[in-house]
Amino acid sequence: MKNPARVRFAPSPTGHVHLGSARTAMYDYLIAKQSGGQFVLRIEDTDQKRYVKGAEEELMSGLHWLGLDWDEGPDVGGEYGPYRQSERKEIYQKYARQLIEQGDAYYCFCTPERLKEVREKQNQEKQQPRYDRHCRDLSLAEADQRIKEGESHVVRFKTPLTGKTTVHDYVRGDITVDNALLDDYIIVKSDGLALYHLAAVVDDHLMKITHVIRGSEWLPTFPLHGMLHRAFGWQEPVWVHLSVFLKPSGKGKMSKRESADLLKDGKSIFLKDLKTLGYLPEAVNNWIALMGWSLDDHTEFFNLEDLVQHFSLDRLNPSPAAINFSKLDHFNGLHIRNKSVEELATLIKPYFLQNGYEVDDEKLRKIVPIIQERLVTLDDCLPFASFFFKDEVVPEAESLIAKKLTASESLKIAEDVLKILESLPDVSHEAAEQPMRDYIEASGYKAGQVFGLLRTAVTAQEVSPPLFESMEIIGKPTVIRRMEKAVELLRGLSEA
RNA sequence: GCCCCCAUCGUCUAGCGGCCUAGGACGGAGCCCUCUCAAGGCUCAAACAGGGGUUCGAGUCCCCUUGGGGGCACCA
């Protein structure tokens, strides 16, 4: 057994939970669980301006939906709290001051306006936009004095002017950058709250985090985080940068606009949408787990427990992955078929209820086996099985005309079939199929023609679960009633 | 523009110098099964970005080019 890992998922509550976050959270969870360690949820809300109401709740329900339950977090507590960064303001200030006093950071009094001017000038001269280090060499005494006088200030990290910094990413290896190319990043804002860089590093240390798994958008500031740890003299966690998810075309990452368009197609990159669209959390997990990770060259069906057992950082793939929704559909079908009748019945029942149908559980349990392998998403149960719960279904008269036959020929068939069904003790699969096949044999019509007509009459659909199984569930009185209606409709058609 | 990262079928990927006439999956095409639709089974088309090295031998190691992605905020 490995050493217990403490892994944190640290989202900012600024919007909907998307696939990229979900995958990071899952990997966090897997590493924590497989080592017998803790999965920690930490809310990174140091930017109050970007706070979105309800985002935290959505985040938590999204994680729970996927089965990624955390051991420590703002709601459940833990011995390393508080777990919301906005509640840790004083902690960051203390550490920022330490950095300043030991010469690794400094107060900066430059106004946003001046910064903007500097940037514009640099842009004009085609220089790299960067802070000009105007306040870097102010003495601490002078700085403290100006602060006492109430002057607005931020804290910047004092990046070494020369030399190189090497940081180690678990999947990419060593990454080395020239310090001269780095900026003196702001680590505490003028409102006194730390920026991500400082807050995350301090929290990761204080919370004894062993693995930092995050998106590759953090790669550019990765050296800063390494330098911060070293300035404090802290041991660094294992750093793991995951590749980003690209839009289905593979060209760039998903924009807000495109996300909206996607929803019109019944697809989405947001967890909350995926749920209402009828996707199973098991399928979503399976799907995103395999975007950037693989076990071997053939295993592809996983549930969360399998992943806990088999997941390994060693098999992470550093290259970006395009989102492939047809693969999600495939996995969803696989996981739907993997459900027991009881489980699936429970999952699809709400769809019928929401659409105003009264659902008899006994009946539903009979329906599940015949539609299970036909469902791609849970809401597919509606087009497949609604007719079971309707008192009456009335097909279009024209749709009753069997393939390659006339209305009057179809009428003849309908009348014959009705007669046969009436003569049967019941319309169970066993009782009905053979007589129907005998009729087909004797009449010379094609099986497709007769069954097609029967299907349309009984279900008012061209596509349905297997006919005889369906009729058995519907029951003889209703089947007879619907056949009579079909005869009536066809009669009207052949007289016209 | 500058910095960083990445590079195998359309897509997700296996491949860690000889097991590769490059394997699997999704999607596509076809066939079988069949009362429709599925599911399932079988078959086919489909890739090592290009150029230099290193080596007896390169998809696998190194360099360059090209392409793609990410970042350059008092956001995370």
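These values consider heavy atoms only, across backbone and side chains, with no hydrogens, waters or symmetry-generated copies. Throughout, protein chains are lettered first and strands after them, A, B, ... in sequence-line order, and every chain is numbered starting at 1.
Nucleotide B/rU60 forms a pair with no other nucleotide shown, judged by Watson-Crick or G-U wobble geometry with both contacts under 3.5 Å. Nucleotide B/rC37 forms no Watson-Crick or G-U wobble pair with any nucleotide shown, as no partner meets the under 3.5 Å limit on both distances. Nucleotide B/rC16 is matched to nothing when pairs are restricted to Watson-Crick or G-U wobble geometry with both distances under 3.5 angstrom. A 3.5 Å limit on both hydrogen-bonding distances identifies B/rC26 as the Watson-Crick or G-U partner of B/rG10. The pairing partner recorded for B/rG1 is B/rC72, the criterion being a Watson-Crick or G-U wobble arrangement whose two distances lie under 3.5 angstrom. Of the nucleotides present, none pairs with B/rC48 by Watson-Crick or G-U wobble criteria with both distances under 3.5 Å.
Put simply, A/His298 has no side-chain N or O that comes within less than 4.0 Å of OP1 or OP2 on B/rG24. For A/Arg374, no side-chain nitrogen or oxygen approaches OP1 or OP2 of B/rU36 to under 4.0 Å. Look at A/Lys446 and you won't find any side-chain N or O under 4.0 angstrom from OP1 or OP2 of B/rU36. Close to B/rU13, at under 4.0 Å from its OP1 or OP2, lies no side-chain N or O of A/Arg315. Dashed line: the shortest gap from a side-chain N or O of A/Lys189 to OP1 or OP2 of B/rC75 is under 4.0 Å. Proximity of A/Asn317 to the phosphate of B/rU8: no side-chain N or O atom is located under 4.0 Å from OP1 or OP2. Within the structure, every side-chain polar atom (N or O) of A/Lys327 is placed at least 4.0 Å from both OP1 and OP2 of B/rG27. Regarding contacts with the backbone of B/rC26, every side-chain N or O of A/Ser326 stays at 4.0 angstrom or more from both OP1 and OP2. Look at A/Thr46 and you'll find a side-chain N or O under 4.0 angstrom from OP1 or OP2 of B/rA76.
Using a 4.0 Å heavy-atom cutoff across all strands shown, A/Ile323 reaches no nucleic acid atom at all. At a threshold of 4.0 angstrom between heavy atoms, the contacts of A/Gly252 are confined to the sugar-phosphate backbone, with no base atom among them. Counting any heavy atom pair closer than 4.0 Å across all strands shown, A/Trp287 reaches no nucleic acid atom. At the heavy-atom level, A/Val188 lies nowhere under 4.0 Å from the strands shown. If you check every strand for non-hydrogen atoms under 4.0 Å, A/Gly292 touches sugar and phosphate atoms only. At the heavy-atom level, A/Val244 lies under 4.0 Å from the strands shown only through sugar-phosphate atoms. Heavy atoms of A/Pro112 sit under 4.0 angstrom from at least one base atom. No contact: A/Pro223 has no heavy atom under 4.0 Å from any strand. Counting non-hydrogen atoms under 4.0 angstrom, A/Pro11 reaches nothing in the nucleic acid. Across all strands, A/Leu328 comes closer than 4.0 Å to no nucleic acid atom at all (heavy-atom distances).
A donor and an acceptor atom, one from each side chain of A/Thr166 and A/Asp174, are nowhere located under 3.5 Å apart.
Taking the six-membered ring where the residue is Trp, the centroids of A/Trp239 and A/Phe222 are separated by under 6.0 Å.
Proximity note for A/Ser464 (side chain, C-beta onward) versus B/rC3, B/rA39, B/rU36: the nearest is B/rU36. Nearest to the side chain of A/Arg50, among B/rC72, B/rC75, B/rG70, sits B/rC75. Distances were taken from every side-chain heavy atom of A/Glu469 (C-beta onward) to each of B/rC35, B/rG40, B/rC3; the shortest belongs to B/rC35. Among the nucleotides B/rC6, B/rG71, B/rA76, the one closest to any side-chain atom of A/Lys253 is B/rG71. For A/Arg172, the listed nucleotide lying nearest its side chain is B/rC6; candidates were B/rC6, B/rA76, B/rG40. Comparing atom distances between the A/Asn324 side chain and each of B/rG10, B/rA14, B/rC2 picks out B/rG10 as nearest. Of the candidates B/rC35, B/rC75, B/rA39, B/rC35 carries the atom nearest the A/Leu467 side chain, counting heavy atoms from C-beta on. Closest to the side chain of A/Asp297, from the set B/rC74, B/rA39, B/rA14, is B/rA14. In the set B/rA7, B/rC4, B/rA73, B/rA73 carries the atom at the smallest distance from any side-chain atom of A/Arg119. Out of B/rC35, B/rC12, B/rA25, the shortest distance to the side chain of A/Ala447 is found at B/rC35.
A/Glu441 CD: 12 or fewer foreign heavy atoms inside a 6.0 Å radius. Residue-environment remark: CD (A/Gln48) exceeds the threshold of 12 foreign heavy atoms within 6.0 Å.
One P atom belongs to B/rU8, the other to B/rG69, and the distance between them is 14 Å to the nearest Å. Spacing between B/rG28 and B/rA47 at atom C1', rounded to whole Å, works out to 16 Å. B/rU54 and B/rC44: their P atoms are spaced 40 Å apart (whole Å). Using atom C1' as the reference point in both B/rC35 and B/rA45, the two lie 33 Å apart (nearest Å). Atom C1' of B/rA46 sits at a distance of 23 Å from the matching atom of B/rA58, rounded to the whole Å. Only the P atoms considered, B/rG52 is 28 Å distant from B/rG15, to the nearest whole Å. B/rC16 and B/rC61 have their C1' atoms separated by 11 Å, given to the nearest Å. One P atom belongs to B/rC6, the other to B/rG10, and the distance between them is 23 Å to the nearest Å.
Each of A/Phe331 and A/Pro248 has a nearest nucleotide on RNA chain B; the 5'-most of these lies closest to A/Pro248. Residues A/Ile186 and A/Gln128 each lie close to RNA chain B; by heavy-atom proximity, the contact nearer the 5' end of the strand is made by A/Gln128.
Residues A/Lys89 and A/Asp191 come closest through the heavy atom pair NZ-O, 3.4 Å.
Rounded to whole Å, the distance from CG on A/Asp183 to C1' on B/rC3 is 12 Å. Computed from coordinates, the A/Asp314 CG to B/rA14 P distance equals 13 Å when rounded to whole Å. The interatomic distance linking A/Met254 (CE) with B/rU11 (P) rounds to 15 Å, in whole Å. If you measure from atom NE2 of A/His197 to atom C1' of B/rA73, you get 10 Å, rounded to the nearest angstrom. Atom CG in A/Leu316 sits about 14 Å away from atom C1' in B/rC6, given to the nearest Å. Rounded to a whole Å, the CG atom of A/Leu453 is 16 Å from the P atom of B/rC35.
Ionic pairing of A/Asp104 and A/Lys158 is not present here: no N-O contact between side-chain nitrogen and carboxylate oxygen is shorter than 4.0 angstrom.
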Intermediate values then yes/no, ring-ring contact (aromatic ring centres under 6.0 Å, His included), A/Phe301 and A/His330: CA-CA 11 Å; A/Phe301 185 88; A/His330 172 247; 9.3 Å; no
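Using a 30° and 60° split on the angle between ring planes, A/Trp218 and A/Tyr196 fall in the parallel class, below 30°. In this structure, A/His429 and A/Phe468 have parallel ring planes: the angle between them is below the 30° cut-off, well short of the 60° mark.
Side-chain to base pairing of A/Ser319 with B/rC6: no donor and acceptor N or O lie closer than 3.5 Å to each other.
With a 6.0 Å cutoff to the six-membered ring centre and a 45° limit on the axis angle, A/Arg146 does not count as a cation-pi contact of A/Tyr107.
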